[in-house]
Amino acid sequence: MEAIVERVLFEAMERLRADGKIPAEVRPSVVIERPKRDEFGDFGCALPLALGKATRRNPAECGKELMAAIQAPEGLFQAVTFAPPGYLNFKVAPAAWFERMRDVTTLPASGAGERVLLEFVSANPTGPLHVGHGRGAVLGDSVARLMRATGYAVETEYYVNDVGNQMAMMGLSLHCRGREILGSSDGSDFPENGYRGQYVRDVAAEFVATEAGRAACLKAYEDLGARDDNPCTHFAEERLLAVIRGTLRSGDIEFDHWTNERSLYASGAVERTTDILLQRDNAYRDEAGSILFRMEGKADEDDRVMVRASGVPTYFAADIAYHDDKARRGFTRLINIWGADHHGYIPRMKASLEAMGHNPAMLQVLLVQMVTLTRGGVAVPMGKRSGEFVTLQEVLDEVGRDAVRFLFLLRKADAQMEFDLDLAKSQTMDNPVYYVQYGHARVASILRKAAGLGIAVPGFSEALRESLTLPEEQSLIKDVARFAGVVESAARRCEPHHIAFYLTDLVKGFHGYYTRNKHTEKVISSDPAKTAARLFLVSRVQSVLAAGLRLLGVSAPEEMRLAADDDTA
RNA sequence: GCGCCCGUGGCUCAAUGGACAGAGCAUCGGACUUCGGAUCCGACGGUUGGGGGUUCGAGUCCCUCCGGGCGCGCCA
């Protein structure tokens with residue numbers, strides 16, 4: 001609906017331009033907003049203010065001219081008014097609102113033509129995913145759903161850093177724990193920067209239970225071959241990646257592609273990009289023999305090492321090759337979701353894309369801020385050094401996928417958030433996810449009852465509107481009609497939290513409608529016309545709730561089931 | 001020291017530069033007495049951390065200070 005109003009207003013402006021009343025160089029954007037006060041109507045626009053400023057004329061005059069130039073489709077507006085100092089307000093006719101009920105879940109293909117690679121999680125296989133990874137995972141998955149729903153061609157990808165010091169340290173840690181289990185170490189030789197979590201002992205136990213693992217642990221670590229392909233590293237990677245995949249599956253998060261850093265070396269891509277950057281003088285060799293990427297003049301940053309003097313490339317060299325590869329694969333847009341602690345890496349990544357001949361603006365990085373877990377109002381300690389942290393799997397197991405996803409998506413990503421385990425777990429209406437799901441289940445229950453009585457839910461017809469006269473019904477129609485616009489905006493901005501807020505808002509309207517009228521104006525009544533119209537309306541509410549929840553990856557249950565109450569057992 | 005993010009009712013958080021800053025929770029008061037079941041309504045609560053600036057208009061943009069978080073590796 002916003003889009004329609006926007007077009008009408010834009011055309012009015014162009015008409016004035018054709019009449020010479022607006023100079024060619026004056027091109028204000030037409031921004032349609034929802035006024036905060038009902039008396040201003042359904043939509044408002046400050047265009048007269050912008051025009052007045054740009055043409056140094058009285059905004060009121062501009063407003064009057066715009067109003068006169070508006071040629072809206074017959075019956076669209078009930079009223080168009082000018083409000084000082086320079087707003088145009090639109091009240092959409094009830095019939096026009098109701099017309100939107102014809103098809104509530106078909107979305108505009110506003111992203112058509114864009115090919116997007118969305119890379120997220122990409123956690124190293126050096127341990128289980130933690131809660132912070134979970135936030136990025138849920139965000140990425142939902143952004144993918146949103147963008148696909150609005151016409152973007154999106155592919156999702158997990159980049160596995162299976163090369164380098166961190167994986168080598170993982171292998172060494174595994175080797176030490178394996179030797180402890182076999183009795184050939186008392187743990188005193190465990191590396192200072194090793195991975196100390198219990199999970200390493202668990203994987204080590206599996207490792208030494210195999211013949212090859214036992215043999216590997218009985219040999220000196222130095223004799224196990226190059227660090228990037230020794231059996232300890234490989235086993236750890238394989239097992240931990242399996243754990244990560246399992247956790248992602250628990251969260252209903254899927255990837256189209258899994259790309260290994262190793263493959264970029266195997267294909268020669270890392271070497272090739274390094275050579276190209278050297279040739280173009282975007283990189284140079286220093287006295288020690290290291291190859292550095294030039295950051296001079298860019299973002300006030302130091303040059304960054306791509307290849308060590310030893311000849312071993314850094315993760316940065318591989319990342320350059322990786323992003324160059326992404327761009328070569330034909331994507332028009334690259335979206336990366338990173339933990340906020342990686343923000344300092346963005347200028348380097350953009351500079352390297354540019355150096356490789358790509359438009360750096362094609363890369364968009366969404367930063368996800370930290371999550372603090374709380375239980376009973378107090379923060380749950382997360383000692384990263386000790387390896388003692390709550391895993392994403394544990395949280396998923398404890399509070400469930402739906403609560404994890406919805407609560408993560410109820411916050412915008414670039415602000416730190418608190419995740420209250422008690423609230424997430426509670427099966428009451430204090431918990432926003434249950435509140436929304438209950439609305440869906442409640443409609444389902446009504447529809448079941450209607451079906452039991454042999455009453456069918458009608459398809460759209462204009463006549464249904466005549467029976468929907470309650471203020472709550474008018475309001476619900478508008479809320480349902482807003483859905484497509486909310487999704488379009490959320491997708492464009494990569495901000496799923498707008499969906500979560502919208503759904504909460506919509507379902508609140510439904511619960512209010514239901515409760516206030518449950519004794520006087522029931523959905524199913526002895527009045528066939530009202531019954532049909534109301535069944536139609538609530539089923540549309542349900543469709544939108546289901547579609548919205550689907551975009552968040554949250555289930556839309558047909559009925560609410562309480563978890564077993566332990567006290568009554 | 002430099003860089004990025006954040007600071008909004010008691011708490012958790014919304015608010016594409018637009019009109020009198022909104023929800024939820026908590027608190028207080030009311031409605032409903034139900035498997036169409038977990039619902040609803042109202043009240044209280046704010047100088048948007050402080051101070052300057054830009055703008056017709058600032059929670060939003062700029063400067064500065066205060067406070068919190070995270071970075072500033074030849075780790076990834």
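Chain letters run A, B, ... following the sequence lines, proteins first, then strands; residues in each count from 1.
The nucleotide B/rA76 finds no pairing partner, because no Watson-Crick or G-U wobble arrangement with both distances shorter than 3.5 Å includes it. The base-pairing partner of B/rG24, taking Watson-Crick or G-U wobble contacts with both distances under 3.5 Å, is B/rC11. Pairing for B/rC32 is absent, judged as Watson-Crick or G-U wobble with the two contacts each under 3.5 Å. In this structure, B/rU54 makes no Watson-Crick or G-U wobble pair, since no nucleotide meets both defining distances under 3.5 angstrom. A 3.5 Å limit on both hydrogen-bonding distances identifies no Watson-Crick or G-U partner for B/rG45. In this structure B/rG3 sits in a base pair with B/rC70, meeting the Watson-Crick or G-U test at under 3.5 Å. Pair assignment for B/rG37 gives none, since no Watson-Crick or G-U wobble pairing has each distance under 3.5 Å.
Considering only side-chain atoms of A/Gln166, the nucleotide from B/rC74, B/rC32, B/rC75 that sits closest is B/rC75. Closest approach to the A/Thr314 side chain among B/rA19, B/rA76, B/rC6 is made by B/rA76 (side chain taken as heavy atoms from C-beta onward). Minimum atom distance to the side chain of A/Val305 is reached by B/rC74, of the listed B/rA76, B/rC74, B/rA26. You'll find that the side chain of A/Ser290 is closest to B/rC74, out of B/rA19, B/rC74, B/rA76. Residue A/Leu49 places its side chain closer to B/rC56 than to any other of B/rC56, B/rU39, B/rC13. Comparing atom distances between the A/Glu418 side chain and each of B/rC74, B/rG36, B/rC13 picks out B/rC13 as nearest. Here the nucleotide nearest the side chain of A/Lys518, chosen from B/rG18, B/rA76, B/rC32, is B/rC32.
Comment: A/Asp479 engages A/Arg482 in a salt bridge, judged by a side-chain N to carboxylate O separation of less than 4.0 angstrom. Under the 4.0 Å criterion applied to side-chain N and carboxylate O atoms, A/Lys91 and A/Glu39 are not assigned as salt-bridge partners. Between A/Glu157 and A/Lys326 there is no salt bridge, since none of the side-chain N atoms of the basic residue sits less than 4.0 Å from a carboxylate O of the acidic one. One finds no salt bridge joining A/Glu2 and A/Arg34 here, because no Lys/Arg side-chain nitrogen approaches an Asp/Glu carboxylate oxygen to under 4.0 Å. Taking a cutoff of 4.0 Å between a charged side-chain nitrogen and a carboxylate oxygen, A/Arg516 and A/Glu521 do not qualify as a salt bridge. No salt bridge links A/Asp319 with A/Arg304; every basic N to acidic carboxylate O contact stays at or beyond 4.0 Å. Ion pair A/Arg294/A/Asp303 not flagged as a salt bridge, since none of the NZ, NE, NH1 or NH2 atoms sits closer than 4.0 Å to an Asp/Glu carboxylate oxygen.
Within 3.5 Å, a donor on the side chain of A/Asn89 pairs with an acceptor on the base of B/rA19, or the reverse.
For the C1' atoms, the distance linking B/rG53 with B/rC41 amounts to 45 Å, nearest Å. The gap from the C1' atom of B/rU12 to that of B/rA31 amounts to 28 Å, rounded to the nearest Å. Distance noted for atom C1' between B/rG49 and B/rG68: 11 Å (whole Å). Comparing B/rA23 with B/rG69, their P atoms sit 32 Å apart, to the nearest whole Å.
Atom-to-atom, CG of A/Leu88 to P of B/rG18 comes out at 16 Å; the value is rounded to the nearest Å. Distance NE2 (A/His511) to C1' (B/rA31): 17 Å, rounded to an integer number of Å. The CD-P distance, from A/Glu33 to B/rG18, rounds to 6 Å in whole Å. Between the CG atom of A/Asp38 and the P atom of B/rA19 there is a distance of 15 Å, rounded to whole Å. In this entry the distance linking CD of A/Glu2 with C1' of B/rU16 reads 11 Å, nearest Å. A/Lys508 places its NZ atom 18 Å from the P atom of B/rA14, with the value rounded to the nearest Å.
Checking the phosphate oxygens (OP1, OP2) of B/rA19, a side-chain nitrogen or oxygen of A/Lys36 falls inside 4.0 Å. Between A/Lys412 and B/rC6, a side-chain N or O to OP1/OP2 separation shorter than 4.0 Å is absent. Distances shorter than 4.0 Å separate none of the side-chain N or O atoms of A/Arg34 from OP1 or OP2 on B/rA14. Under 4.0 angstrom from either OP1 or OP2 of B/rC75 there lies at least one side-chain N or O belonging to A/Asn165. Residue A/Tyr438 places no side-chain N or O under 4.0 Å from the OP1 or OP2 atom of B/rC35.
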Distances for protein N or O near nucleotides 66-73 of chain B N or O, under 3.5 Å:
{"residue": "B/rG69", "atom": "O2'", "partner": "A/Gln416", "partner atom": "NE2", "Å": "3.1"}

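Sequence order on RNA chain B of the closest nucleotides to A/Leu453 and A/His497 puts A/His497 first from the 5' end. Heavy-atom nearest nucleotides on RNA chain B were determined for A/Asp286 and for A/Arg411, and the one closer to the 5' end corresponds to A/Arg411.
Around atom CD of A/Glu271, no more than 12 heavy atoms belonging to other residues, nucleotides or ligands sit under 6.0 Å away.
Stacking here means ring centres nearer than 5.5 Å and ring planes tilted less than 30 degrees, and by that measure A/Phe501 does not stack onto B/rA23. Between the side-chain ring of A/Tyr87 and the base of B/rG18, no stacking contact exists by the 5.5 Å and 30° definition.
Nearest heavy atoms, A/Met417 versus A/Leu407: CE-O, 3.8 Å.
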Show me the donor-acceptor pairs within less than 3.5 Å that the side chains of residues 54-61 of chain A make with the rest of the protein, sequence neighbours left out.
{"residue": "A/Thr55", "atom": "OG1", "partner": "A/Leu51", "partner atom": "O", "Å": "2.7"}
{"residue": "A/Arg57", "atom": "NH2", "partner": "A/Glu61", "partner atom": "OE1", "Å": "3.4"}
{"residue": "A/Arg57", "atom": "NH2", "partner": "A/Glu65", "partner atom": "OE2", "Å": "2.8"}
{"residue": "A/Asn58", "atom": "OD1", "partner": "A/Ala60", "partner atom": "N", "Å": "2.9"}

